[in-house]
Participant: 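The structure is given below, and queries will be raised subsequently.
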Amino acid sequence: MTPVYLEHYLLVGAALFALGMIGFLARRNLIIMFLSAEMMLQGVAVNLVAFSRYRGNLGGQALTLFILTVAACEAAVALALILMLYRRRKSLDVSLWQELREPDQEPIVDEEPLPKRPEEEPSPRLTPAGRTPSPPTAVPQGARGDHTQEQETSHV
Amino acid sequence: MFDDVRNYLWLIPALPLLASALIALFGYSALRERSHWPCILGAGVSCVLSVLALIGVAGGADGGAVYYTWFQSGTVNVGFSLQADGLTAVMLVMVTFIGTLIAIYSAGYMRGAPGYPRYFAFVSLFLFSMTLLVLANNFILLYAAWEGVGLCSYLLIGFWYQRPAAAAAARKAFLVTRLGDIGLFLGILLLWKSFGHSLDYNEVFMAAARNPDPALLVPACLLLFLGAAGKSAQFPLHVWLPDAMEGPSPVSALIHAATMVTAGVYLVARCMPLFGLAPDAQLIVAIIGAFTALLAALIALTQTDLKRVLAYSTVSQLGFMFLALGAGTAQYGLAGLAVTAAIFHLFTHAFFKALLFLGAGSVMHAMGDVIDMRRFGGLRKVLPVTHWTFLCGAAALAGVPLLSGFWSKDEILAVAWDAGGQGAPHTGVYRLLFFSALVTAGLTAFYSARAYFMTFWGEERIPEEAYHHHVGDAASVACESEDEATPAASPTPHFESPGIMTWPLRILAVGAVGVGIVVVLPMGHFLEAHWIRQRFPQSLLPAESAHGHNILLMFVSGLVALAGIGLAYLFYVKKPALPGVLAKSAVRLYEASRNKFYLDELYAAFIVKPLSGLAQLLRVLDQYIVDGLVDLCGQIPSFFSFLFLRPVQNGLVQFYAILMALGVGGFLLSVLLR
Amino acid sequence: MQTFLQLYWTLLLPVALGFVGVYLLLPRPGRSLPLLGALAGGAALLAAGFFVVRLPASIPESILFYAFAGVALLGGGMMITQKNPVHAALSFALVVLATCGLFLLQGAPFLFAATIIVYAGAIVVTFLFVIMLAQQAGLSDADQRSREPFLASLAGFVLMGALLCVLHKNFNTGELDRLLDEVEKVAQAKTAQEVKNLLGDPDLMPFGEKSLNLVTQLSAHFPETEKRLVENLEDAWGKMDVALLTERCKKVIDAGRRLRLATGILTPGQTRAGREREDGKKDAQLPLSPYSGVPANAKIIPTDDGKIPERLAARNVAALGRSLFTDHLVAVELAGVLLLVATIGAIAIAGRRAEGLR
């Protein structure tokens, strides 16, 4: 007849937290790292709500709401930062950022080759927005100009 | 609101402070070319309030007020307390009036200079500090304001900090006055310790009057005088003032002629209830004052830089004031007369010296920043307004009879003569000082006339720079000249300064000519009634009010002044070859005077060089021994980390995080397994 | 160490299985055994459900709990092992949905709705946008490699194991349940002989020792203020007064239930901070205002039929609103400011061109 105990929710929360941490530690895609961090927050939220229920007041739930707010802020700023990082290196790989190592350390580069994957069928693509479709012979200068300029400056 | 002095006394320093804050905050963004307005308005309203305060004090108001407790620690209780008695009121009126005029003048003089808002922010800050200095009712507040004016002086001398000379001059002024400030602070501490553990003026003075122990009074007075000598550029700490002329001319007029440098005189006058009880200290004050006056006058004879002549003249006149102060001793009841003479001279000197500096600034403005008197001459026709106003100032400085300088200098001479009278201590010394002062007065007349003749008489010479300067901003000058009262009808370019600069000159010229004869009697009575009678201990008060003028002395000093002027006329107008001949015949003396008696070189050789050598030695010590030890300490962990810790620092954030997570997990496990 | 394993093997077994599963499933370029990993992970989940939770799967709440918790952990595992970031983001949405189910189970309907809207709605969609913006060229190298998979899984699962053990140690009420069951049996005894069969004969105790094993064990779980209740049992047993014993046993059972369900045991033998004190004075450290519902530190009075009153009803959205705007008003304002600042910050950061310093 006993209902689900507090302990069980706490265990679920802790497991979510630990799984998120593994994701954060092991994955190299910045976005997945961030998703993992959000999952850790979910684990904490489960704990807080469970304690809220357990103690019979709403402090835990209120705190969870604030976690929600902070997570939203964090997502906004983090995504902006990720976009900036992506613009610099044209990649989301976090391992590209290891300049802050000891000066005489060699950078860590993965050498194990990736397995050859079968060529994927190219998915059909729409014309990107903002560019007028043009005959392949004459490339409009204005539309190309901005793009190349941006690329050049980004290498400076 | 205006019926009680206390209600608006705090506004007098507060308004310039507000103006300073306004300019500092909005000067570069919003005010820009209008940055002078807050400064002028703040100073002007303060001036009106100061006059009101003067009237209030004359009406018998005692304006002491503690606004709040500044800090309190044990028996030390320092209030933010202001007071208005006769001395403060006179100083306030002088400071704010001249400050307002100079702020107006600066708006024209500094026009277009980079850092225009900064300049006015500093000037306002200075006015705040200076008014607070004279309003303070306890030694600590006075000391704070004292440092405040020192800081503003530093900032304004170094206003053109890009120029190495200006930066060096600012540093020198700051360091040399700091030497004096140490003395002042030690003096304050000694007073606190010796006289009743209080810092309020009145309580200290009363405690000292109850128990005038020379063993305590003399050192305290000498320490205070050290501070005063630093601030007021007395020998041997006078070397900073001539260099301070690197600042803009209005600054020289305001800070280094009219107001800040008189703070030392104010301090000694304020503490006359202490000094008057210590004749030995007074003798030193008088000797230093007279010696400085003579020395500076001798140096001023041969300087060719117009502003330096005026600077040495300032040093010399301040020496006069200290001579007067030093002549006030208890035994002869001269203290009241002495401070009256000193403050009177301070008051008139502020007018004519500010006028002279502003005139020099006007010359400089017109001549394209050239200030060497050998490079221009005969500017009578070119700069008519400047010429007439400068003449008024120079004549007042020289002590031409009936002008303001004559009256005040005469009072000083009278006090010095009386101090050497029968029955007084150190009679012989004071007699000697009197004759030295008489000689100095003659020299003063000579060099002021010399500066005037060299600048405005002789054949008309205008340096190259003046033309460059005026081609540059011809448009602005033309625009300014519309409100020019006496447009110069000369074929040469229009050199005279704009009206915003000449009107303050005219007002000050009227003051320099007339202020002496107007206030010579009222000021003595005013100071005596509202300050001396209230604050001085009985033993210092003269038996009867004695303001009789020694007619013979007046005659003699007038004669000396006219003789000096006549000699200068002979040397520099009638026979311009004569000075050269004289210089050749007494070449050593001439060179000594021109090189300021080698005092700067002496200081450099005996103080600066050894200290700098010591600094070098310490630097080597620090660099190779102390730093070596520190570096060694840094090497040790780096050596050990080389073995196993360094590979951990591979720059990968995730790697660090893994280590952290392992650490936390391990910690939790250890708690569990315990 | 051995006792540790004996105590916690039910927890450590699923953790170890999960470690193997996740380690095998983490993306890597070389040889991988995804099937084996999936098997291990599934086994870990099953083992956890069987050994750790041990709930009767007959009542709706426990069925729902199993479902939501299982989906949440499964989604979590998938999220960290998917190569494709889009799939990972979708798995994350799954985790969020399952977590929201858990919220609902615990009487937090508002959070349930808010989390779905904010996370599964806004945040995941934004992430997907960024992924699509940044990864138009398909999978990148970064997604096919893991950074130190062994060390990372080890760190994560060591932490998880440690956390689970600590939680189990502090919040497991199984031991108390067993003891209370024994007391209940005593309460149901009708004659002195039955009591003697259960607890032993006080006259036969060696050396006249009159202490009961049951009482010592029970009193370890009770706070100082209520230990007397338990010790009274011994007294009644010593006199062999069956009626008195039954009455006292019932009191102990009531107190024990209260302990287990309502106030719980944070650490055995310690009083909870904030309980109402013996002398009836309110404890000084009341944490929140009564707007949030019954304060946690108020004394819990069971109803006449022995039920514990419901203290946090499922329909508490209004109470949460009141709590937010009374107890946490400043925090709410600050959170609003924080959101605004974060918005501005995000615009300022992302709006900058790639060349950075300008």
Side-chain angles (χ1 to χ4, degrees), chain B residues 18 21-35 68 112-118 121 160-162 167 634-674, chain C residues 1-16 18-20 22-23 26-28 52 76 79-81 85 88 140-172 175 266-270:
Chain B
L18 180 70
L22 272 181
I23 302 170
L25 287 178
F26 304 115
Y28 282 100
S29 55
L31 292 166
R32 279 197 280 267
E33 293 307 308
R34 299 183 295 277
S35 297
Y68 64 91
Y116 190 74
R118 184 162 55 93
W160 284 307
Y161 55 85
Q162 298 94 338
Q635 293 292 328
I636 293 169
S638 123
F639 173 73
F640 284 110
S641 75
F642 182 74
L643 302 176
F644 55 92
L645 276 178
R646 193 169 289 187
V648 175
Q649 305 289 329
N650 56 10
L652 280 168
V653 182
Q654 287 176 310
F655 197 78
Y656 301 154
I658 285 176
L659 291 184
M660 194 184 85
L662 276 175
V664 174
F667 173 70
L668 276 180
L669 273 184
S670 78
V671 169
L672 272 176
L673 288 172
R674 189 159 51 90
Chain C
M1 189 68 196
Q2 205 159 11
T3 51
F4 176 73
L5 284 180
Q6 274 171 1
L7 266 176
Y8 297 116
W9 69 271
T10 52
L11 288 171
L12 295 178
L13 177 69
V15 167
F19 167 67
V20 173
V22 168
Y23 171 66
L26 276 175
R28 80 196 62 193
V52 181
M79 198 204 90
I80 61 172
T81 52
S140 69
D141 283 6
D143 293 323
Q144 302 184 37
R145 300 178 195 274
S146 301
R147 170 69 49 207
E148 308 281 352
F150 181 77
L151 265 185
S153 323
L154 185 68
F157 277 95
V158 163
L159 186 70
M160 188 197 282
L163 275 177
L164 295 191
C165 292
V166 170
L167 291 173
H168 186 72
K169 184 177 178 182
N170 284 328
F171 292 99
N172 183 19
E175 176 70 11
L266 287 179
T267 325
Q270 268 191 342

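To find a chain, count down the sequence lines: A is the first, B the second, and so on, and within it residues start at 1.
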Participant: Please enumerate all residues that pass side chain to side chain donor-acceptor pair (under 3.5 Å) together with C:R147, with sequence neighbours excluded.
Facilitator: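 With neighbours one apart ignored, the set is A:S95.
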Participant: I'd like to check the side chain to side chain donor-acceptor pair (under 3.5 Å) partners of C:Y23; sequence neighbours left out, ordered by chain and number.
Facilitator: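 Checked C:Y23 against side chain to side chain donor-acceptor pair (under 3.5 Å); zero matches.
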Participant: Taking the side chain as everything from C-beta on, heavy atoms only, tell me whether C:L163 gets closer than 4.5 Å to B:L668.
Facilitator: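 Heavy-atom side-chain distance check passes, below 4.5 Å.
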Participant: Can you tell which part of C:F157 gets under 4.5 Å to a heavy atom of chain B, answering side chain, backbone, both or neither?
Facilitator: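 Answer is neither: C:F157 stays 4.5 Å or more from chain B.
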Participant: Taking every non-hydrogen pair under 4.5 Å, which of B:L662, B:I658, B:V671, B:L652 racks up the most with chain C?
Facilitator: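 The answer is B:I658.
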Participant: Please report the shortest heavy-atom distance between C:A162 and B:G665, naming the atom on each side.
Facilitator: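 Result for this residue pair: CB-O, 4.0 Å.
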Participant: How many angstroms lie between atom CG of C:L151 and atom CD of B:Q654, to the nearest 0.5 angstrom?
Facilitator: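 One finds 12.0 Å between CG of C:L151 and CD of B:Q654.
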Participant: Taking atom OH of B:Y656 as the centre, report whether more than 12 heavy atoms of other residues, nucleotides or ligands fall under 6.0 Å from it.
Facilitator: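 Check passes, neighbour count above 12.
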